[in-house]
There are 2 protein chains.
Amino acid sequence: MLLLPSPETGVTQEPPFRDRLYADACENILPTLPNDSFDLIVTSPPYADRRRHTYGGIAPDDYVRWFLPLAAELKRVLKPDGSFILNIKERVVDGERHTYVLELIMALRQQGWRWTEEYCWHKKNCYPGKWPNRFRDSWERCLHFTRHKDFKMYQEAVMVPVGEWAGSRLKALSATDKIRDESRAGSGFGKNVSNWVGRDKVYPTNVLHMATEVSNQRHSAAFPVSLPAWFIQLFTREGDLVLDPFMGSGTTAVAARSLCRHYTGIEKEADYCDIARQRLATTAWGSGL
Amino acid sequence: MLLLPSPETGVTQEPPFRDRLYADACENILPTLPNDSFDLIVTSPPYADRRRHTYGGIAPDDYVRWFLPLAAELKRVLKPDGSFILNIKERVVDGERHTYVLELIMALRQQGWRWTEEYCWHKKNCYPGKWPNRFRDSWERCLHFTRHKDFKMYQEAVMVPVGEWAGSRLKALSATDKIRDESRAGSGFGKNVSNWVGRDKVYPTNVLHMATEVSNQRHSAAFPVSLPAWFIQLFTREGDLVLDPFMGSGTTAVAARSLCRHYTGIEKEADYCDIARQRLATTAWGSGL
DNA sequence: GTTCCGCATGAATCGATAG
DNA sequence: ACTATCGATTCATGCGGAA
């Protein structure tokens with residue numbers, strides 16, 4: 001956590017952006033945030049030409065030019081040993097995959113980011129439909145960028161049990177399950193964890209199996225809580241600070257708070273910001289574990 | 001199948017490259033093959049296979065320059081409505097993913113190829129190992145390129161059993177499904193319902209779950225027969241002709257032959273070519289998977 | 001208190017039709 | 001010609017109500 005000394009008392013105090021939601025465009029807010037402030041940035045920006053009703057839609061050919069200045073700000077406000085997770089998938093244009101995501105990766109490297117890894121999010125419940133030249137798109141990229149070769153990573157926090165759970169390990173860790181078990185006299189999930197003690201655990205791979213959330217949120221992006229939760233556990237410790245510059249209905253902030261991490265959320269649509277506030281109001285600190 | 005008229009008898013005959021293995025480098029063989037000859041090209045070039053020690057090793061920075069002239073030949077020998085499946089994954093260089101695969105995709109588009117789709121091959125049993133900054137790499141790209149917007153695709157050949165949910169749902173068709181279909185399709189109400197009743201197979205997605213083959217062949221490639229077999233069933237019919245310009249131990253040829261397709265294989269290492277011949281000798285035409 | 005079961009919905013894409 | 005809109009197609013999941 002970044003702590004600022006109070007100008008009057010000289011005592012360190014919380015920065016004003018900690019656990020705060022900004023109902024404004026991130027191009028307006030990011031420049032106001034100080035350098036090296038965040039341990040992790042997790043976001044799912046508007047995909048090109050998608051969600052055009054709420055975000056106006058960026059043309060695929062303009063996507064890199066639109067994103068690059070924001071990425072420069074993100075690089076500035078990220079701590080040197082922090083990570084930036086970008087969830088994105090290119091859309092089909094004229095029957096073929098557009099290359100703007102590939103171009104974005106290379107442009108971010110030109111900007112000084114390191115393309116450390118590409119995680120594969122396998123969406124078990126992808127959009128239905130049938131076309132003569134392709135199948136349903138069932139995966140998205142979670143691009144992992146860092147500022148330096150060395151960065152913080154807490155692999156033990158996301159270890160999974162071996163055996164029958166291996167196939168659906170991440171589903172087993174979905175936030176919904178955890179909340180449900182928590183609500184049942186608090187014995188559900190904790191008990192399961194204690195059952196796992198003594199069994200062998202293994203590290204996961206770079207393929208994540210998670211279903212999208214199709215209801216409950218009035219936001220069109222199907223970003224499940226378990227996705228930012230996984231990266232938050234992997235790249236931060238309790239008390240760290242997580243930024244989502246395209247917060248939407250607050251999924252990243254909810255994940256952070258339930259895992260005892262602080263958040264900063266930016267969302268230019270006031271309606272979504274209100275939804276996020278409501279969700280956070282009913283999310284107890286530390287409820288996720 | 002391409003059939004050439006015999007210069008002596010005038011009767012059509014099999015082309016000389018049908019069901020043939022070439023123990024030579026593909027840059028030597030490809031120029032000898034005629035235009036528009038193959039229905040499908042499936043290959044896993046060096047690097048995706050981690051065969052670099054046997055191929056002399058192409059430096060990542062030289063990869064596109066090395067591959068591009070070969071791709072031009074591949075485009076020439078592929079039928080206009082054929083497909084080119086390139087199984088590849090970029091290496092980690094100096095702690096980050098190298099961009100040569102991204103650059104290759106864009107260079108192939110410059111060459112006239114269409115980047116129609118990117119299938120995700122999820123390797124259920126990936127290599128073990130542990131690193132401080134990344135997890136095991138459990139997926140590879142299967143890039144789908146075509147010459148034109150329209151191409152051959154036989155989706156019914158790779159349908160998969162429907163999920164467990166269907167048992168309860170199809171037992172009693174819901175009224176709202178009918179309403180929804182009716183509202184959208186207008187008169188298509190009865191037809192839609194009858195389409196679902198009795199359906200036990202669905203179309204797959206663009207994520208393939210296949211385990212790698214370990215230590216079965218003396219070749220180091222972890223390219224399972226099921227991977228080319230899936231694309232062969234999807235993009236060709238019986239009697240069609242499949243090319244693998246980096247054949248290795250003959251996995252693509254074995255898959256083709258067992259599925260009643262013809263093959264042409266190119267492999268510059270004579271030892272691998274011998275292994276491929278042995279495998280093909282014990283693979284019956286139409287023996288299945 | 002479990003389990004079962006009905007049901008709405010989703011970062012989609014293509015082809016035809018209209019301007 | 002070239003762009004914008006619209007209808008058709010399709011399947012896995014979590015939630016809530018019922019047994």
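Below, all heavy atoms of this structure are taken into account, side chains as well, without hydrogens, waters or symmetry copies. We name chains A, B, ... by the order of the sequence lines, and we start the count at 1 in each one.
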Expressed as a whole number of angstroms, how long is the span from K123(A):NZ to dT10(D):P?
19 Å
Just checking G129(A): base, sugar-phosphate only, or nothing, at a heavy-atom cut-off of under 4.0 Å?
base
Can you confirm whether the side chains of S287(A) and R257(A) place a donor and an acceptor under 3.5 Å from each other?
no
Distance, rounded to the nearest Å, where E213(A) contributes CD and dT13(D) contributes P
13 Å
Classify the ring geometry of H144(B) against F235(B): parallel below 30°, tilted from 30° to 60°, perpendicular beyond 60°.
tilted
Nearest-Å distance, NZ (K124(A)) to C1' (dG10(C))?
17 Å
Can you say whether the rings of F246(A) and W66(A) are parallel (under 30°), tilted (30 to 60°) or perpendicular (over 60°)?
tilted
Between D240(B) and K79(B), does any side-chain N to carboxylate O distance fall below 4.0 Å?
no
Can you list everything that forms a side chain to side chain contact (heavy atoms under 4.5 Å, CB included) with R109(A)? Sequence neighbours excluded, please.
W115(A), E96(B), T99(B)
Do E90(B) and R141(B) meet the salt-bridge criterion of a basic N to acidic O distance under 4.0 Å?
yes
Within the side chain of S138(B), is there an N or O that forms a donor-acceptor pair under 3.5 Å with the backbone of K123(B)?
yes
Return the value, rounded to whole Å, for the distance between atom CH2 of W139(A) and atom P of dA12(D).
20 Å
Between C1' on dG14(D) and CG on N125(A), what's the gap in Å once rounded to a whole number?
9 Å
Give the B/S/- string for nucleotides 13-19 of chain C, one per nucleotide from 5' to 3', where a protein heavy atom under 4.0 Å of the base yields B, of only the sugar-phosphate yields S, and otherwise -.
BSS----
Can you tell me the distance, in whole Å, between the CE atom of M210(A) and the C1' atom of dG10(C)?
18 Å
H209(A) NE2 - dT13(D) P separation (whole Å):
12 Å
Just checking F84(A) against F151(A), ring centres under 6.0 Å apart?
no
Parallel, tilted or perpendicular, as decided by the 30° and 60° cut-offs, for the rings of F38(A) and F17(A):
tilted
Against the side chain of Y127(A), the closest entry in dA12(D), dC11(D), dA12(C) is dA12(C)
Where each pair must be Watson-Crick or G-U wobble with both distances under 3.5 Å, what dot-bracket representation of DNA chain D is obtained, with crossing pairs in [ ] and other-strand partners as |?
.||||||||.|||||||||
Separation of H122(A) atom NE2 from dA12(D) atom P, in whole Å?
10 Å
